[in-house]
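Here's the structure we're looking at; comments come further down.
Proteins come first, then strands; the chains are lettered A, B, ... in the order of their sequence lines, and each starts at number 1.
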There are 2 protein chains.
Amino acid sequence: MTPSPVRLLLADDHPVVRAGLRAVLETEPDFEVVADVPTAERAVELAAGGGFDVVLMDLQFGGRMLGSQATAAITARPDAPRVLVLTTYDTDADILAAIEAGATGYLLKDAPPEELAAAVRTAAAGKSALAPTIALRLMDRMRTPATALSRRETEVLQLVADGLSNAAISKRLFLSQATVKSHLVHIYAKLGVDSRTSAVAAATAQGLIRR
Amino acid sequence: MTPSPVRLLLADDHPVVRAGLRAVLETEPDFEVVADVPTAERAVELAAGGGFDVVLMDLQFGGRMLGSQATAAITARPDAPRVLVLTTYDTDADILAAIEAGATGYLLKDAPPEELAAAVRTAAAGKSALAPTIALRLMDRMRTPATALSRRETEVLQLVADGLSNAAISKRLFLSQATVKSHLVHIYAKLGVDSRTSAVAAATAQGLIRR
DNA sequence: CCCGGCATCAATCCTTCGGTTGATGCCGCA
DNA sequence: TGCGGCATCAACCGAAGGATTGATGCCGGG
């Protein structure tokens, strides 16, 4: 008998990557790449129509909707396909956002083809598929919660990285400057630094915030 | 008659991207993808052996040798193939490094297949092939030298981005703090900002420094 | 040859950032 | 139910960073 194949939807804004994924995945006899789309919006539309088992979703699209938002939109529906996030970078923020959005797995684009195929099968079976690097990262984060910034702290630090002053941040977030400073002090302690610029440097190095 | 095809070497550490480039380029009848390699070192070795017209070279490899170094090594030899740099990011520093290393062209990975093929043909003919975005960038830089940071200024700003204080920077570069501050003032003026953190933000946004 | 940009430094002033201490309310978990 | 983490705010103070002015030597291009 021929088992029913795994039906795939590819979403990535790079034509070359789409072609590469197609080439790599179609060598697997039990995979069928049904469609590939260049935007997150198209992915949501197509996925809503049904007919897919697994969606391979990039996180960074050239603007507009984020991959994590698209992931949330897709997984929110009943009888939704599994979403495998496939991205180049591995910032903590991205990983958590994807997982919270309901992604079944998280892979890096430099993964070898076998790993990729294995992850797709794992995802199709409904099981969680995390790249080894990612898994390690999450373990680390669990083990040392001291390093983990709170939601609010991350928010503040991101604005610092964007070049805002404490005054500007306090206005943006409807806080007093005292609160902003307080958050920063906690951030410094967690990151082991003693200035805003080095906090940004440390956080970007650890992938806690977006560049 | 059949014109002799353009013989290609692909260098990229992402298996998926290599497969994608192969898939995209092999649809062109006048292209022949002779080999693809996952490291810059292998690219230099193979290119040294001859037999290639154009090398498609990634800039970011997963460590060790940089694409720009490999580019320099390849173009340094007599009778070298043309090198087309193909990368995801477009920081000014990367672009200039690649061009100084002797790259014939510079493309972004999100380029559509037609653009890619056109660039390869242009490069094979020995002409310069720059992606529109990149060309614009260079024009901008030429037109407004005010925006261009001097070597020293870039050096200082990079250390600021790394989280160093003025005192630390002055020690690192064997300068007085006055000089560091002076550089910073010029940097602020050129970038149109008024603090170190926003200078870092602006510079990373414009790709003037590494993240 | 001289102008202009780059790199270097000094001295001043003052804004604001950073460190400290201390306090409150809320929520989740044990 | 009470502890601890998170988020919020206040007041204070010292210092680092930023603004300003001004000056020097070097080098390359017009």
inquiry  = Need one value for A/S182: base, sugar-phosphate or nothing, where a base atom within 4.0 Å counts as base even if backbone is also close, heavy atoms only.
reply    = base

task = Let me know the distance between OH of B/Y188 and P of D/dG17, rounded to the nearest Å.
result = 9 Å

Nucleotide C/dA7, atom P - distance to CD1 of B/I169 in whole Å = 15 Å

query = Taking only side-chain nitrogens and oxygens of A/R196, does any of them come within less than 4.0 Å of OP1 or OP2 of C/dG18?
reply = yes

note = In whole angstroms, the gap separating C1' of D/dA7 from CD of A/E155 amounts to 12 Å

query = What nucleotide among D/dC6, C/dT8, D/dT8 has an atom nearest to a side-chain atom of A/S150?
reply = D/dC6

ask   = Does B/S182 reach the main-chain N or O of B/A178 with its side chain, forming a donor-acceptor pair under 3.5 Å?
value = no

remark   = Of the candidates C/dT8, D/dT8, C/dC17, the side chain of A/N166 sits closest to C/dC17

request  = Without swapping roles, check the side chain of A/E45 against the backbone of A/R42 for a donor-acceptor pair under 3.5 Å.
outcome  = no

key: Any donor-acceptor N/O pair, A/D12 side chain to A/H14 backbone, under 3.5 Å   = yes

inquiry  = Side-chain N or O of B/H186 versus OP1/OP2 of C/dC6: is the shortest distance under 4.0 Å?
reply    = no

task = Check every atom of D/dC9, D/dG18, C/dG18 against the side chain of A/T179 and return the nucleotide holding the closest atom.
result = D/dC9

ask   = Under 4.0 Å between a Lys/Arg side-chain N and an Asp/Glu carboxylate O for A/D13 and A/R18?
value = no

ask   = Between D/dT8, C/dT20, D/dG17, which one does the side chain of A/L175 approach most closely?
value = D/dT8

inquiry  = Using the side-chain heavy atoms of A/E153, tell me which of these nucleotides is nearest: D/dC9, C/dC17, D/dA7.
reply    = D/dA7

key: B/K181 NZ - C/dC9 C1' separation (whole Å)   = 12 Å

query = How close or far is atom P of C/dT16 from atom CG of A/L164, stated in whole angstroms?
reply = 15 Å

key: First encountered from the 5' end of DNA chain C, between A/D194 and B/S176   = B/S176

Interatomic distance where CG belongs to B/L173 and P belongs to C/dT8 [whole Å] = 8 Å

ask   = Which one, C/dA10, C/dC17, D/dA10, comes nearest to the side chain of B/A178?
value = C/dA10

query = Rounded to the nearest Å, what distance is computed from the CD atom of residue B/Q177 to the P atom of nucleotide C/dA11?
reply = 13 Å

ask   = Is there a donor-acceptor pair closer than 3.5 Å between any side-chain N or O of A/Y188 and the backbone N or O of A/R196?
value = yes

task = Starting at atom CD1 of B/I187, determine the distance to atom P of D/dG18, rounded to an integer number of angstrom.
result = 11 Å

